[in-house]
Q: 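My questions all concern the structure below.
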Amino acid sequence: MQELSLNQQVRLAIHQVLAENFSWQGSSDSLVINQTKPEFEGDFTLVLFGLAKTLGSSPDQIGQSVGASLLKKQPALFSAFQVVKGFLNLSIPDKKWIEDFTRTSQNKTSVDTPRPRQRVLVEYSSPNTNKPLHLGHLRNIFLGWSISAILKKMGQSVVKSCVVNDRGIHICKSMIAWQRFGKGATPTTTGMKGDHFVGHYYVLFNDAYKKEVDALVAEGMTKERAEQEAPILKATQEMLLRWEQGDAATRELWKIMNDWVYEGFDQTYQRVGADFDKIYYESETYLLGKTFVEEGLTSGVFFRKPDGSVWIDLTDDGLDEKLVLRKDGTSVYITQDLGLAQQKYDEFAYDQSIYVIADEQNYHMKVLKLILRKLGKPYAEGILHLSYGMVELPTGRMKSREGTVVDADDITQEMVEVARKKTEELGKVQDFTHQELKELYETLALGALKFYLLRVDPKKKMVFNPEESIDFQGFTGPFIQYTHARIRSILRKAGEPLAIPINASLLPKEKELLVLLAQYPAHLHQSAQEQNPSVLANYTYTLAKSFNGFYAEHSVMQAESEEKRYLRTKICQEIAATISEAMALLGIRVPERM
RNA sequence: GGCCCUGUAGUUUAAUGGAUAAAAUAAAAAUUUCCUAAAUUUUAGUUACAGGUUCGAUUCCUGUCGGGGCUACCA
C-alpha cells in the first residue's frame, strides 16, 4: 500500500476528528487546508468558517476542539496548534518532515497515477507553409510539447501530432511571386534558409498586390472592388484552381517550394527541441470531411440551401448558422477539421484529443466540437481546445504582412548571443571546449526563451517587448539553471551522504526547502489537470529562489556538524533532481556548470 | 450590432472565496579572505470605476469606462 503524503495524512486526521467530535458528514476533499502564512506559527491551516456554519458552532470552539483532539490522538504528527481569528494553525514536528523527506526521496517514482491510463493525442504547431515560424508559434510549440511531457509523466499514453497547412491560397501567393520575381533563385543559390526564402516571396506578393490595388484605386475603382480585382490575386486564384485539378506543373512547383519550407522548419524544430509522432498534411486530408456532409444531410443535422450550399443551424446553441460546404461543392475549413478529427480517432482511438491553438479560434473549436456532438460522434467529448493567448508587441498584434513579427530563428539566435556575451563576461567556464561552450549557449538561450513563454498562464495573452528582450536575471530560466549548476558543484565535492539523521532539528531555511519539496507532486498534478505548465514553472522558480536563500545563509561542506552536512547534502540532491525533472517537463535542459 | 475574453506596483507577471495582495524588473543602497555574486539582503511602490452576494471578494454577480478577439462561400 502506498503511504500517504504529509498533506494527505493531515487532511485525513482532521476529517476523522471532525466526524468523531461533531458527527460531521462532509467529505475530506471539502476541507479548506492551506499552507500557514509565514507570519503565523504552524505548517498547515484549517479554515474554520465554513465548518462553523454547517456545525452551528463558533469557529473558535471548533478550532480548539479539533486542535486538542489532533494533538491527543496523533502526537507524532502534530506538535502544537493555535486558533487565530477563525483559522486553526497546526504545527508538524521537524522529525515528521524529515521522515517524509527521506521516504519520498527513496521512493521517487511515487508520483502516483491513480487514474487509468488514457490515450491522449496532442496537436500543436500547425503552421502555414508560406512563411517562417514566429514567436507566437514558439509559444504554441513549447506549450504543446510541455503539456505532452507532463501528461506522459502522469502515466498517460501521448501521441504528438502536427498538421501542416501545405495547401491553399497562401502558398499559391508565394508561388506566384516566385514565378514572377524569382528568376530561378533557390535557397541554395541565395544561401537562405528555405522557410525564410519562401516567406520572402510571400512578402513580395503582398507588395505587388498592394501596388496593383493602389493603381486600380487611382483609376477610380473602389478599394473593395480593387482588392478583389487585382490581377495578381486573380492569377493566384487561378493557380489554386489548377492545383485542385491536379495540374502537373503547378503541383511540381508546389512540392518544390513546400520542401524548401520543410527543410527550414525541420531545422527550427530540431533546434528548439520540438518533435512529432505523427504529421498530417492538409493536402492529404482536406477532402475527408465531405463524407460528413452526406451523413449530416441524411440525419437532418445539416440542411441544403437553394443555391446548393450546405449549412448547420447552431442558433439554438447561441451561435450562428455555419457553412459546411460551398455551393461549388468544395469544402471549407471546418469541414476539413471534421474529417481530420475522425481520421485521428480511427488511427489512435483517443480518449482525449487536445488542440493547442490560439484563442482567436475559440469560436471555431466550439463549433467543431458541437457539430461532432450533433452528429453523434462518441469522440466529440474528448476534444479539448487548449486555448492560449497570443503573443503581442507593445504596439499590438504581430502582423506578418506588415513585417512586425518576431521571427523564431532570429529571437533564438539573439538569445544565444546574449548567453555567449554573459558567459564570456563572467569567465567561469574558460576551460570549456568549443563544443561545450556551444552547447551551453544553446541550453541557456533556449532556457531563457522557453521559460519566458511558459511561465505565464497559457490562457492569458502576453506582451513581448523587443527593446527589453528576454532577461537572464530574476524570474527566468537561466536563474534556475544557475541554481542547478551551483548545487551540482556542491555535490561533485560532497559525495554521497552516509546517513540521514532522522532526529536532527531543522533551521528555518532547511525546513522551507523540505516543505517545498513535499509540494512538488501536488504542483505536478495541478499542472497536468489544468494543462498549465506555468504552474510548474512558478513552482520551480520558488524552489530555486528558496535554495539560493539557504545557500547564502548556510554552508553544506562546512556545516556545523556531520549530521547537518549529511542532511544538507541530501537536500541538495533532492533539489537538484527536482529542478532537473521539472525543467525537463518544460523542455528545458539544466547545465552541470555555467 | 451580436457573442466571447480581458483590466493587479512605472513595466512584465503571481495569488482552489480566506489572514497585512506576492515576485521579477526598472530606481536607491549593502554583501565576495567562506561550497559559482547569472546570487543574496534592505528601501519605496499595486487590485480601472460604482454597486451587490458573503463572516470574508483580486477571485462570484450587475452596471459604467478602457483593451483585445470572433462574427468569411479565407485557413
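Quantities reported herein were computed from a predicted structural model and do not represent experimental measurements. Letters A, B, ... mirror the listed sequences (proteins, then strands); counts begin at 1. Scope of the values below: all heavy atoms of this structure, side chains included, with no hydrogens, waters or symmetry mates.
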Q: Determine: side-chain N/O of A:S489 to OP1/OP2 of B:U36, distance under 4.0 Å, yes or no.
A: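 Yes, within the criterion.
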
Q: Hydrogens and angles aside, do A:T129 and A:N258 bring a side-chain donor and acceptor to less than 3.5 Å of each other?
A: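 Looking only at side-chain atoms, A:N258 and A:T129 do form a donor-acceptor pair, the distance falling under 3.5 Å.
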
Q: Quick one: the dot-bracket string of RNA chain B, using Watson-Crick and G-U wobble pairs with both distances under 3.5 Å, [ ] for crossing pairs and | for bases paired to another strand.
A: (((((((..((((....[...)))).(((((.......)))))....(((((..]....))))))))))))....

Q: Just checking A:Q473: base, sugar-phosphate only, or nothing, at a heavy-atom cut-off of under 4.0 Å?
A: sugar-phosphate

Q: What nucleic acid atoms does A:K459 come within less than 4.0 Å of, heavy atoms only: base, sugar-phosphate, or nothing?
A: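 Since no nucleic acid heavy atom lies under 4.0 Å of A:K459, the category is nothing.
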
Q: Identify whether any heavy atom of A:N362 sits under 4.0 Å from a base atom; if not, whether one sits that close to sugar-phosphate; answer base, sugar-phosphate or nothing.
A: nothing

Q: Distance to the ring centre below 6.0 angstrom and angle to the axis at most 45 degrees; does that hold for A:R455 and A:Y541?
A: no

Q: Is the aromatic ring of A:F40 within stacking range of B:A19, meaning centres under 5.5 angstrom and planes under 30 degrees?
A: yes

Q: Between the side chains of A:T315 and A:D313, does any donor sit under 3.5 Å from an acceptor?
A: yes

Q: For the atom pair CE (A:M594) and CZ (A:F432), what is the distance rounded to the nearest 0.5 Å?
A: 10.0 Å

Q: Looking across every strand, which nucleic acid part, if any, lies under 4.0 Å from A:F475 by heavy atom: base, sugar-phosphate, or nothing?
A: sugar-phosphate

Q: Expressed as a whole number of angstroms, how long is the span from A:L319:CG to B:A72:P?
A: 12 Å

Q: State yes or no: are the ring centers of A:Y482 and A:F479 separated by less than 6.0 Å?
A: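 No - the distance between ring centres of A:Y482 and A:F479 does not fall below the 6.0 Å cut-off.
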
Q: At under 4.0 Å between heavy atoms, what does A:L491 touch on the DNA or RNA strands: base, sugar-phosphate, or nothing?
A: nothing

Q: Heavy atoms under 4.0 Å, any strand shown: does A:K460 hit a base, just sugar-phosphate, or nothing?
A: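 The answer is sugar-phosphate, as A:K460 gets under 4.0 Å only of primed atoms, P, OP1 or OP2.
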
Q: Using the rule for Phe, Tyr, His and the six-membered ring of Trp, do A:F49 and B:G18 stack at under 5.5 Å and under 30°?
A: yes

Q: Is the phosphate of B:C70, meaning OP1 or OP2, less than 4.0 Å from a side-chain N or O of A:R397?
A: yes

Q: Base, sugar-phosphate or nothing for A:E282? Non-hydrogen atoms, less than 4.0 Å.
A: sugar-phosphate

Q: Looking at every heavy atom in both A:I62 and A:A52, which two are closest together, and how far apart are they?
A: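 Between these two residues, the closest heavy atoms are CD1-CA, 3.5 Å.
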
Q: Does A:K37 put a side-chain nitrogen or oxygen below 4.0 Å from OP1 or OP2 of B:A19?
A: yes

Q: Base, sugar-phosphate, or nothing: which does A:V47 touch, judged by heavy atoms less than 4.0 Å apart?
A: base

Q: For a quick test of reading the model: is some side-chain N or O of A:K305 closer than 4.0 Å to OP1 or OP2 of B:C73?
A: no

Q: With a non-hydrogen cut-off below 4.0 angstrom, is A:Y363 in contact with a base, only sugar-phosphate, or nothing?
A: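 Contact class for A:Y363: sugar-phosphate only.
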
Q: How long is the line joining CG of A:L240 and P of B:C73, in whole Å?
A: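 Those two atoms, CG and P, are 17 Å apart.
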
Q: On the nucleotide B:A72, are OP1 or OP2 found under 4.0 Å from the side-chain N or O atoms that A:K322 carries?
A: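 Indeed not, no polar side-chain atom of A:K322 lies that close.
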
Q: Please work out if A:D317 contacts a base, only the sugar-phosphate, or nothing of the nucleic acid, heavy-atom cut-off 4.0 Å.
A: nothing

Q: Using a cut-off of strictly less than 4.0 Å, decide whether A:R326 has a side-chain nitrogen or oxygen near OP1 or OP2 of B:C74.
A: yes

Q: Does the B:A19 base have a donor-acceptor partner in the side chain of A:T45 within less than 3.5 Å?
A: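 Check passes, donor-acceptor contact within cut-off.
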
Q: Indicate, with a heavy-atom threshold strictly under 4.0 Å, whether A:E592 touches base, sugar-phosphate, or nothing.
A: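 Since a base atom lies under 4.0 Å of A:E592, the category is base.
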
Q: Which value, rounded to the nearest 0.5 Å, describes the distance between A:Q481 atom CD and A:T483 atom OG1?
A: 9.5 Å

Q: Grab the CE-P distance between A:M390 and B:U6 for me, whole Å please.
A: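 Checked: the CE to P distance equals 15 Å.
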
Q: Select base, sugar-phosphate, or nothing to describe what A:D457 touches, counting heavy atoms under 4.0 Å on all strands.
A: sugar-phosphate

Q: Under 5.5 Å between ring centres and under 30° between planes: does that hold for A:Y551 against the base of B:A39?
A: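 No; centroid distance or tilt outside limits.
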
Q: Rounded to whole angstrom units, what separation is found between the CD1 atom of A:I470 and the C1' atom of B:U11?
A: 15 Å

Q: For B:U32, decide between syn and anti, treating a glycosidic angle within 90° of 0 as syn.
A: syn

